[in-house]
J.: 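This is the structure I have questions about; it appears just below.
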There are 2 protein chains.
Amino acid sequence: MKNIIEILKEKDIAPSMQRIKILEYLQNYKTHPTADMIYQALADEMPTLSKTTVYNTLKTFTEKGVLVALSLFENEVRYEYTKEPHIHFKCTKCGRIYDVLKTFKCLKNENIEGHQVIEHHVNLRGICKNCLEKVED
Amino acid sequence: MKNIIEILKEKDIAPSMQRIKILEYLQNYKTHPTADMIYQALADEMPTLSKTTVYNTLKTFTEKGVLVALSLFENEVRYEYTKEPHIHFKCTKCGRIYDVLKTFKCLKNENIEGHQVIEHHVNLRGICKNCLEKVED
DNA sequence: TACAAATTTGTAATCGTTACAAAGTAGTAT
DNA sequence: ATACTACTTTGTAACGATTACAAATTTGTA
């Protein structure tokens, strides 16, 4: 908790209750949730929470570099709180998202063919280990 | 033109006029267009073309492996007709999408930590060469 | 010519996200 | 304390890409 407040202050974000709870959720649940999932999860505890607040907060956090937004071939954005660069694997059967290749070399801040890279996302899609084992035939 | 018909037949897709025109557009314009862009471009020539047809066609093409769909952090899907694996770089200033690192080693069909990879997408974001040169200060 | 299957079309609905303005909260100077 | 300002939160309405659906059209074939 104290930790979260420090993180927000370091990024010049006022540590309001809503912001603390949202970041806390993303620290605790590494499920790459959507804005709506976060809203649903917190709505019980914070009955007056607005979905707009969740969207605003996630936008602020992403802009300030607290969170990373993921674009994984869905019509929705997913978010994660992470420190080390890694790759995402999405199973097309069960829909689960896995963090893989933790040692992945990131091109962030490098220059590729004259372009300055600020973000580097690698998205794999396929059948996950779990679903491969379950194959019925 | 003949070429396009062959491509569709090989994939078991009936080469209707709409489908031919849509694939032709993607062969000619390597701009990673959205469904709407394709629709707008073809609407003059085909006044009764329906946007639903464009969506249906792009879905069919993607499922049959004629096209590749791109998820580049926008609330819209982009499409490309391509043969060699490559990486996409999207400029956050001008919005242009570049194909880079044509020699990129693809993990397609490989096994990563037990998961079977079917698609491998690499998305870079940053400031493109063009916009870097234009910096005013 | 007739019939069945595939394709196209237009409209309405869905759903994630954003715009906007009002209401609430906090900090600061008087 | 009070008033003023800036920031944050909230709820509703709007937006825009995409999909559902059923009718209309086209195609292939008996």
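Note on naming: letters A, B, ... go to the chains in the order of the sequence lines (proteins, then strands), and numbering restarts at 1 for each one.
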J.: To the nearest Å, give me how far apart CE (B:Met46) and P (C:dT8) are.
T.: 9 Å
J.: Of the listed nucleotides (C:dT18, D:dT10, C:dT9), which one gets closest to any side-chain atom of A:Thr53?
T.: D:dT10
J.: Decide, yes or no, whether a salt bridge links A:Glu24 with A:Lys21 under the criterion of side-chain N to carboxylate O below 4.0 Å.
T.: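 Salt bridge present between A:Glu24 and A:Lys21.
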J.: Can you figure out which of C:dT9, D:dA17, C:dT7 approaches the side chain of B:Ser16 most closely?
T.: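 From the listed options, C:dT7 comes nearest.
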J.: Base, sugar-phosphate alone, or nothing: which one does A:Thr34 contact when heavy atoms must sit under 4.0 Å apart?
T.: nothing
J.: Of the options C:dT9, D:dT12, D:dT18, whose atoms approach the side-chain atoms of B:Asn56 most closely?
T.: C:dT9
J.: Are A:Arg78 and A:Ile97 side-chain neighbours, meaning at least one heavy-atom pair lies under 4.5 Å?
T.: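 Yes, their side chains come closer than 4.5 Å.
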J.: Measure from the side chain of B:Gln18, starting at C-beta and using heavy atoms only, and say which of C:dT8, C:dG16, D:dT19 lies closest.
T.: C:dT8
J.: Starting at atom OH of B:Tyr39, determine the distance to atom P of D:dG16, rounded to an integer number of angstrom.
T.: 16 Å
J.: Taking for each residue the nucleotide of DNA chain D bearing the nearest heavy atom, is the 5' side occupied by B:Lys51 or by A:Pro47?
T.: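 Taking each residue's closest nucleotide, the earlier one in sequence belongs to A:Pro47.
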J.: Could you tell me whether A:Asp36 contacts a base, only the sugar-phosphate backbone, or nothing, with contacts defined as non-hydrogen atoms closer than 4.0 Å?
T.: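 No contact.
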J.: Whole-Å distance between C:dT17 P and B:Phe73 CZ?
T.: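 Computing the B:Phe73:CZ to C:dT17:P distance gives 12 Å.
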J.: Answer yes or no: is there a donor N or O on one side and an acceptor on the other, between the side chain of A:Asn123 and the main chain of A:Lys90, under 3.5 Å?
T.: no
J.: Can you tell me how far P of D:dT27 sits from CE of B:Met17, to the nearest Å?
T.: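 B:Met17 atom CE is separated from D:dT27 atom P by 11 Å.
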J.: With a 4.5 Å heavy-atom cut-off, do B:Ile127 and B:Thr92 have their side chains touching?
T.: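 Counting from C-beta outward, B:Ile127 and B:Thr92 do come under 4.5 Å.
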J.: What nucleotide, of C:dT7, C:dT17, D:dA17, holds the atom closest to the side chain of B:Glu76?
T.: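 Given the options C:dT7, C:dT17, D:dA17, the side chain of B:Glu76 is closest to D:dA17.
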J.: I want to confirm an ordering. Mapping B:Asn75 and B:Thr48 to their closest nucleotides on DNA chain C, which one lands closer to the 5' end?
T.: B:Thr48
J.: Using the ring pair (Phe, Tyr, Trp, His ring centres under 6.0 Å) rule, pick out the option among A:His88, A:His120, A:His121 that qualifies with A:Phe104.
T.: A:His120
J.: Expressed as a whole number of angstroms, how long is the span from A:Leu49:CG to D:dT8:C1'?
T.: 13 Å
